[in-house]
Structure formats: structure tokens, C-alpha cells
Amino acid sequence: MEFLQPSDWQDALAAKAAFPDAVPVRGGTDVMVEMNFDRGRPAALLDLSHVKELGEWGRDDTDDTCVRIGAGVTYTRVLRELGTTVPGLAQAARTVGSPQIRNRGTIGGNLGAASPAGDCHPVLLAADAVYEVESAARGVRRIGADEFYLGPKRNSLDADELIRAIVVRATDTGQQFAKIGTRNAMVIAACSFAVAINREVRSVRTGIGSAGPTPLRAPEAETYLTDMMTQGELWEGGRLPDADVLKRFGDLVAGAARPIDDVRATAAYRRHSLRVMARRTATWALRQSC
Amino acid sequence: MRGTTADLDTAVRELARPVSYPVGTSPDRPDGPPKTKGEFAYSSDLWAQDMLWGRALRSPHPYARIRSLDIAAALAQPGVHAVLTHEDVPGRKTYGLLIPDQPVLAHDVVRFQGEPVALVAADHPETARRALDLIKVDYEPLEPVTDPEVSIAGTAPPLHPEGNIVAQLHIRHGDVAAASERADVTVTGTYELGMQDQAFLGPESGLALPSQDGGVELFIATQWLHADREQMAASLGLSPEKVRLTSAGIGGAFGGREDLSIQIHACLLALHTGRPIKMSYGREESFFGHVHRHPGRLEYEHGATRDGILTHVKARVVLDGGAYASTSREVIVVAATTAAGPYAVDHAEIDAYSTYTNNPPCGAMRGFGAVQSCFGYESQMDKLAAALDMDPVELRRRNVLPTGGKTPTGQVVDVPVPVRELLDQLEAMPLPPAENPDEERMRPGGVANTTHGEGVRRGVGYAVGFKNIGFSSGADDYSTARVRLSVSRGELTAEVHTAGLEVGQGLVVVQAQIARTELGVDHVLVLPADTQIGNAGSSSASRQSWLTGGAVQTTCAAVAAEVLERTAQRLGVNTDRCRLDAGQIVTAAGDFVASMVDIVADEPIELIREYHARKTTPLDANGQGDPHWAFAFAAHRAVVDVDVELGLVRVIELAVAQDVGKALNPKALEGQIEGGSAQGLGLALMEEIQVEDGCVRNPSFTDYLVPTILDVPPMRLAILELPTPHGPYGLNGAGEPPTISSTPAVVAAVRAATGMPLPRVPVRPTDIVEASLLT
């Protein structure tokens, strides 16, 4: 097996171009487990842990209402440093694995693995994040979170591309993430849900995890709640819709899921818990964004 | 100037300072700091020059005929030194702790998913793993037997020559038919338990070294060196003295190391290649490499008078032992003989079965049958209390088995049954604040942000449990100790040597404390456990502090007697009423007679003694007899918050009351009680090996969930020390009881919070959420 260890981003892109089969690794919390179990034996390993740029985050150059978070930023840093910038993402990061895993695992790794159970995806979908990817040949490309997930553990990266960063609007309110597992910490999501509500631009967006072949959105639920907020003139003044509207929102979220029965939960329970989580998190997000 | 009288006085005073860390104190564990720092040498860290790595090929099928086995390609692989099959087992082709029915390597048939079929030794673990892929096994899958009721009915083809029932017991006590006429209230219930795993953190591992005499030496993480040796010698075709075992660093056991794992395999490879062989399972293989707790189904009928006095108990207990016997024959004895609980039940009918199926083999795990029965009878006691509209704790109090009372096997319980005292202790403890604490980590769902208080209901539940201590049914339960008292560089030193294994419970420390107490010596060396000394029995059944502790005490007492005898002879004094104290022989009044250094210096004293438990008898055809030599008791109170909409649970507090007779080492004891209670909580809420059609669906710590620090609440402990009349220092066994009543107490609390019947553990979210919402 080839082991490539570029020292900066340009070298990393060149290495990926030269070895398109190379599997990028940074924290190793996913890739190394797969290798140890011999589930995947990549032709080459592209170690990005020396690429400093990936570990940085700050205001986005092109839009200062957004933050640009390097793909190599760990969950621990997300939850410590981004709690008032992308609160939903910080909530999600907090539920990932154990402290040790959070110290090593990165957002970029979560995107690269593209597991439907990855904890970052629902929030990034709800927050309308954009993923910045790059290749030596074609330069930077920005992929919306909506277009990124193609199937179980498949994403829309080309073979010579690497994930550089995520770009997401900064906000300190209106985002909520909730996750179901059968223990109170260190658990893979049986299912998860994120909502991002922005009273200023009057938008509701959602993300569903672990209840379909890919992370999903619930477009009907989003439209319904947006419409009800508008019709009821609820956007301003921190007003909340009636309980039955929020209940209907939950039902529509559950309807958008495509869950299966597996070792972590039944499809019926996944749908039910999404209904409850959607209702509760939307309530919290609306209250919070008063 | 040394040697003056004043100097001598000073020396005597120094020697007379109290012995540090006798029985009843909590010295630090010698293995504590290295384990905390990650520096402890576990068995998986063993290494030898020129060693090869052994690996086992395991069956992917729960039941299949082996049509053919072709090892040629694996053997031809560079770096591979041996590939062995059942044909290469020189001695007995099968092994087993009590019934040798399990093939060392499968022959013709595999009976469970993960059964070892062939072995490889290679110069690198990865080479060995790849060689496994080159072994061609042609399996003809067969329809697996997975339902224990089918095994009892006898309608499936027999998996073993004796049929598909490992053991059955039919206890007939009193006159149930007549007694049930007197019942004002009768409740029935059927309860189920999923398959729990010991989930020890140090996977099976060891190092085998071929010896010059044609024998083999094995360094191994195990629970019972001598039982291992007996089975190994039989299969290796060696006399037992050519098989030498030494304990290697053990990372937990809980019963899961009582059966063999790598022992015979590693030694076969070592003897075959003439090279040291290291075997070390990964986590996934570990799930297939040891037995689990028996899943169970228990049907009950309890009757009581209007004022809550039990009239009778009927029980049918079925525990599935899976593909091989392991300890199923003994586990079912414990389940059956504890099936009525620690209560006065004059009329009982208990039918109990352990079965063979093609499910994963099950055997010893902390609680050993008493966990299963306790979930049944305590669930019933709550149900009965509800039917009587009586406080469930009061119902229990009214039915406590009195000292001198009889268990359903007719055994007279001649020790105190402190159930009332335990319940009183629990009820006297304050309850945690009723309001959901404003701390998200204490909410159901933990930090996963599933509730801010919505849907959360509080519940409180109680349970009492008990279990026999040690080996039952006529087994001669004993341990052996060698103690050597000598003077080394002017210092008195006691060496303690037993085969009792330190599996995390603190036996090493307790042995030293006992020697210090008995001999009045500060400097005690506890030697590594090995087979150079006599049998200690297993580190299981809550028995080691009692039996190996008893053996060390007995031997030390004999050594002390020898010191006094020698003192009497040499000094011409009467030492009949003398004792050893802080390095001195002193009179009953404490006056100095002689220094032990002077008495022992020229000739060390070394003795070996055994300590035997009281005799027991097997059960007769009606399930009558005196199968147990001791009983121990504990009780729990659980306080839970349940998110009834999502079915998620947070245990807010777990309070434990346990009678231990005498706490030899209070800190280690508290660790045992907290750990055991956490293990019971795990069974109540999350721990289950999910088996479908004989196949394990979750052989990983990703999906086999054990409680984390955010699942285990603070515990209040009430440790009672009511002396056990026949226990050393008055002690009682302590390791298992906290695991037993923890599970039903947690479930009782969840029932109280939700109103759901919850007849099965672990309780899943879907058991709590209303069924109509899950369509």
C-alpha cells in the first residue's frame, strides 16, 4: 500500500491527482477502523494530517455572513469554538462518539465517509451549507449539501477531488439538532433530525439522518411550516404556530423519511421518533429565534 | 553506637507499630496505577522471541455439515508454519468445563456461528488472517434449531446424542394444588431476558511456549487455571504436569473466561511448530470466542392471601444454552433453586430446563442463573402487590424467608436472611429531588438533545435478590494456599501463593491483607497465580474471598502456630496463649516474648493448606436436597426518568443495600457493588446480543451497547456487615449479588414511570412507546 503524506494543500491535490484511488485520512476514526477490519484495503492512503490549512476556520472571503470551516477541524473544536456560530453543528459534534473520537475525528471525514448515520449531515443540510472541494486539474468547486449525498457511503466527489472546507451562514439562533440512540452517550444515531429556522429571511430547512439511504430533507414539511408561518403572520414578534401545526410538521417529516429495520431500530420507531423530534426541535428553534 | 538497651527499646517500639493494611482497610491496588496510565501488561501484550501468531477459522453458519476441508493453499502460503484441523488433535477431540461435548476443532458438523474449524500459525498476524481465507471449507448449511421450546419438545433433530435438553429439574415442594385453593389473589406472568455478554475489555489472549520435556507452558488470561489444565491435558494428550499455566494480565472476566478459548488451540500450534504461539482475539472474534449469559423465558404463577402472604409459587424456567453444554447444567440449578426468591414459600412447583440449540453457546456470567430468576420473581412480586393494592416493599417484608426456614428444595437456611434490613436501609435513604434536574446530561437521551423536559415521567422501583455462593450440588468446593514466612535482608517476609486469579475484583490485595492480619507481618508478597500450587477453584460464583481468602487464613494460622511452637521450644516458655503482633510474639496481655525475626531467621516456615466449604448434596428426583453452602443478599432502589414519547430512559439514581458479612477491603467492595449494579442496569436497558436465525447481528461495541458514564447514575451504597457464622472473618460472598437485583429494580422503576408491562429485558424504546404510535 502506498502511503502519501503531503505537507500542504497543493501537494495534497497533486497526490490525489496522481493517485485517484488514494483514500484520504485525517483523524482516522473511520478509515482506520475499516482497514483494521479489512473491509477496505485502499491502494493508497493519503494522510492529510500535516495539511495545516485544513484545520483552520474563519469568516468566508466571499461572503462575510458565512463562516468557512476547514475539513480538518475536529468535532471537539467545533463544539468548543462554533457553539454560537453554527449552533446545530456544535450540538451534533457533541453527540459524536467519545471525547477521544471527538478529539481526532473531523467534519471532512464525516463528509468523506457520507454514512447516512453521520451526525453532521442533517445539520449541514438544514443550514444550507456548501461544500468546497478542489482538484489540481479543475480548481475549486462548490457543491450544495443537497447535491452531495448520492447513496449509502457515496458522495459526489470526483476521484481527483478533496474536500477543502464547508461554508455555512453564521447564526447563533434557530438551529437545533437531536439524535436518538439507546444509550445516553457514545452511540451511533438510530436516527437524527436537524432544523434551521430563520425568521429574517423566512425560511425553514430540515435534515434527517439514519432514516434513509442518504441524509435527507423533508421538503413538504419545510414548505408547510413556512406557509403556516406566513399565513398566520408569525414570522415577526417571536410568535409560535398552534400545536397542531407543529404536530403536522412532525408528521410530514416522518413521511419524508425512508427508514429500514436494522439492528439499531425498527423503521416504525425511526419514523415515530422523527415525528417527535421534529415537533420538539421546531418548537425550540422558533422560541429561540424570537 | 548500636546495640544498647535504649536502641533495643527503640527497635522494639518500631516493630510494634501497627501492621499496615490489615483486613478491613483499603490499601491501594498494586495494579491500579499501571492500569490507569495504560502501562499494565495485559495478556494481549505478551511477546516472545521467534513467536508465531495463531488464528482460528470460524464457521459462518450456525449449523452446517462440513463436506470437505482443504488446507493446501493456506499451507503453501509463505510465512504460514502450520494449518491444523480436528485430525491434528492428539488427545480427546472434545472439551468442556463439566460435559466435554465441544469439539476442539469442528469435525463433520458445526453447531454455532463462530465455531472453530481450523487453526493457522504464521509469522505475522496479517499473514495468519489471510491464510484463513485460503482454507476451503465446503459447508452444507442445515436448518438451525433456534427455539429452545422446540428443543424441549424434542421435535427437532438431536444436536447431541443425548437429545436437545442439557438438564431439567422438577422441584416439588409442599402441596401446590391445596395451597392455591387458599390464594385470594393469583397473578401470572411470562418474562424474557435477552442474551447478555460479559463485555470484558481485554479480549481473549495468551502465549504458549513449548517446553523441553515435550510439555507446554501457557501464559493466559483465564478464571480457573486448574480446570483449564485438566481439559487441555486431555486434548493435548499430555499428562497434567506437562501442562503448566501461569496467569497473565486479565482485563475483566465476569464468567466469560471460565470456558476455554485459545488455550488448547495455542498449545496445539506451539507443540506442532515448536515455536512460541501468541493468540489474541479482536473485539469481533471475542463475541464469538466466549459463552454469554443464557437468554431466558420464565412463566410464573404467584398466589397470596388478602393480607399478602404467599400461598404458592409455580414456575417454569427455560434457559437456552446454545450449541454446547458449558455450565448450562449448573446454571439451571441456580435458576431453579432461586426461582421463588428469598421468600417463605411453603408450596412450590418449579420446572426448569436448559437446552441445546444452534444459538451461541451460553454459560457462566456474573449471577449465573440467579439474574434470570430474579427478574421473574421480582416482576411477579410487583404484579402481586398491584393486584393486592399493597406497597410492593411491604409485600416483600411480609414474606421474608426466616432463618431456619426452608427453600423449595427443602434446604434449611441457617444464616440470617437480611431482606427486611436491606429494604429498611433503602427506604430510609432520601429520594433525589423530584424535579428533573436542569442539567442536560441527567435527561433521558443525555446530550443528544431529545427533550427539554417534554414527555418525561419519574418512576421508582425496588427489587431484592439472592444467590448461593460457590459451587453447588455436592461439589467439593475448596482452595489451596502455600505460605512461606522467612527473613530476607533482616526483614520478615510472608510469601503467599495460590492459584486464585485476580480478575479485577481485588483478590491479590485481599490475600495480602489476610496474611498481614494473621501473621502480624508488614511485608507480604503475593506470587503470581499458576499451576505449581494446588487448585483454587474458579474466580467466579462470588467465592474467592471466602475460599482462597479462607485458604490463606487457614495456612497463615498454621504458620503462626508453628512460630509459637518453635518459640516455646527454643525459649522454653509456654506460648499457648501467645499471639503474633507486629513482628513480635506477645502474650495475651501484649507483653513482648520474642521477635519473630529471631525465631524465623535461620529456618523459614512454609506450609500448604486447603480450605473446604461446607458439604452440599445434589438434588433428588423431586428437586429436594441441600445443594448450596451459603447464600448472599442485596437489594436495589432505582429512580428513573423516562421520556415516554421517545422511549428513552435516564437512571437518575441507583441505591444499593448489600449484606457482605464483613468488608475485607471496603474500597474494592464498593467497586464491586457499583460495577455489578451497572452491569445489571445494562441488562435492564441496553445490553443484548441480538441473534437472528442463530446468527449474531451486533458483534461489536458499536452495536452491543454497555452503559457509559452518562448512563450510570451516582449510587448510594448501604453496606451491612452482619457476620456470616461460618465465613472467614464473618465475610460473605459479594461479587454477584449487586448484579442480580439491579435489573428488576430498574425495570420496576420504568414500569412505574410508564405504566407499561415491560415483561422483557433489555427494555427497548419500542417497548415503552405506545404500540399505536408505531404503525
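A note on names: the letters A, B, ... follow the listed sequences, proteins ahead of strands, and every chain is numbered from 1. Worth knowing before you read on, the calculation uses all heavy atoms, side chains too, and leaves out hydrogens, waters and symmetry mates. Please read these numbers as outputs of a predicted model, since none were measured by experiment.
One N or O on the side chain of B:Gln196 and one on the backbone of B:Gln679 form a donor-acceptor pair closer than 3.5 Å. In this structure a side-chain-to-backbone donor-acceptor pair under 3.5 Å is missing from B:Thr127 to B:Ala122.
If you measure heavy-atom distances from B:Asp643 to chain A, the contacts under 4.5 Å come from the side chain alone. Interface remark: B:Arg764 contributes no atoms to any contact with chain A (heavy atom separation under 4.5 Å). Within the 4.5 angstrom heavy-atom criterion, no atom of A:Asn36 approaches chain B. The contact between B:Glu126 and chain A is made entirely by side chain atoms (from C-beta outward), counting heavy-atom distances below 4.5 Å. A:Ser98 does not touch chain B: none of its heavy atoms, backbone or side chain, sits under 4.5 Å away. Only the side chain of A:Phe37 comes within less than 4.5 Å of a heavy atom in chain B; its backbone stays farther off. Heavy atoms closer than 4.5 Å to chain A are found in the backbone of B:Val649, but not in its side chain. Of the atoms belonging to B:Glu454, heavy atoms from both backbone and side chain fall under 4.5 Å from chain A. Within the 4.5 angstrom heavy-atom criterion, only side-chain atoms of A:Arg275, from C-beta onward, approach chain B. With a 4.5 angstrom heavy-atom cutoff, B:Val769 touches chain A only via side-chain atoms. The part of B:Leu648 that comes within reach of chain A is its side chain, from C-beta onward, which places non-hydrogen atoms under 4.5 angstrom from that chain.
Using a 4.0 Å cut-off between charged nitrogen and carboxylate oxygen, B:Arg293 and B:Glu687 do not count as a salt-bridge pair. For A:Lys247 and A:Asp251, the salt-bridge test passes: some basic side-chain N is under 4.0 Å from an acidic carboxylate O. Salt bridge B:Arg760/B:Glu688: present, at least one basic N to carboxylate O contact under 4.0 Å. Salt-bridge formation is not detected for the pair A:Arg102/A:Asp119: no Lys NZ or Arg NE/NH1/NH2 atom is positioned less than 4.0 Å from an Asp or Glu carboxylate oxygen. A salt bridge does not link B:Arg129 with B:Glu285: none of the charged nitrogens is closer than 4.0 Å to a carboxylate oxygen. The existence of a salt bridge linking B:Arg443 and B:Asp641 is excluded, since no basic side-chain nitrogen approaches an acidic carboxylate oxygen closer than 4.0 Å.
With chain B as partner, the option from A:Met277, A:Arg270, A:Gln91 having the largest number of non-hydrogen pairs under 4.5 angstrom is A:Gln91. Of the listed residues (A:Arg94, A:His272, A:Gln176, A:Arg183), the one with the most heavy-atom contacts under 4.5 Å to chain B is A:Arg183. By number of non-hydrogen pairs under 4.5 angstrom with chain A, the leading residue of B:Gly445, B:Gly647, B:Pro762 is B:Gly445. Per-residue heavy-atom pair counts under 4.5 Å with chain A were compared for B:Glu645, B:Met686, B:Arg697, B:Gln690, and the maximum is reached by B:Glu645. The most heavy-atom pairs under 4.5 Å with chain B, out of A:Asp38, A:Asn184, A:Thr95, A:Val187, come from A:Asn184. The candidate from A:Thr281, A:Ile188, A:Val276 with the greatest count of non-hydrogen atom pairs under 4.5 Å with chain B is A:Val276. Most heavy-atom pairs under 4.5 Å with chain A: of the set B:Asn698, B:Leu774, B:Thr451, B:Leu705, this distinction falls to B:Leu705. Contacts with chain A were tallied for B:Thr708, B:Leu685, B:Leu646; B:Leu646 has the most, counting heavy-atom pairs under 4.5 Å. Chosen from A:Arg271, A:Arg264, A:Met186, the residue pairing most often with chain B at heavy-atom distances under 4.5 Å is A:Arg264. Taking chain A as the reference chain and counting heavy-atom pairs below 4.5 Å, the highest number among B:Thr766, B:Asp703, B:Thr702 is found for B:Asp703.
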Before you tell me yes or no, could you show the steps for B:Leu201 and B:Phe701 under side-chain contact (heavy atoms from CB on, under 4.5 Å), namely the whole-Å CA-CA distance, both residues' side-chain angles and the distance that decides it to 0.1 Å?
CA-CA 10 Å; B:Leu201 293 185; B:Phe701 278 167; 3.8 Å; yes
Run the side-chain contact (heavy atoms from CB on, under 4.5 Å) test on B:His452 and A:Arg287 for me, step by step, so that the C-alpha distance in whole Å, both residues' side-chain angles and the decisive distance to 0.1 Å come before the verdict. CA-CA 13 Å; B:His452 294 175; A:Arg287 274 201 202 121; over 6 Å; no
Residue pair A:Arg154, A:Thr214: steps toward the side-chain contact (heavy atoms from CB on, under 4.5 Å) verdict: CA-CA 8 Å; A:Arg154 282 196 303 120; A:Thr214 64; over 6 Å; no
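The minimum heavy-atom distance between B:Gly682 and B:Pro707, with the atom names listed, is CA-CG, 3.6 Å.
Stacking of B:Arg58 on the aromatic ring of B:Tyr281 is recorded, both the 6.0 Å distance cut-off and the 45° axial limit being met.
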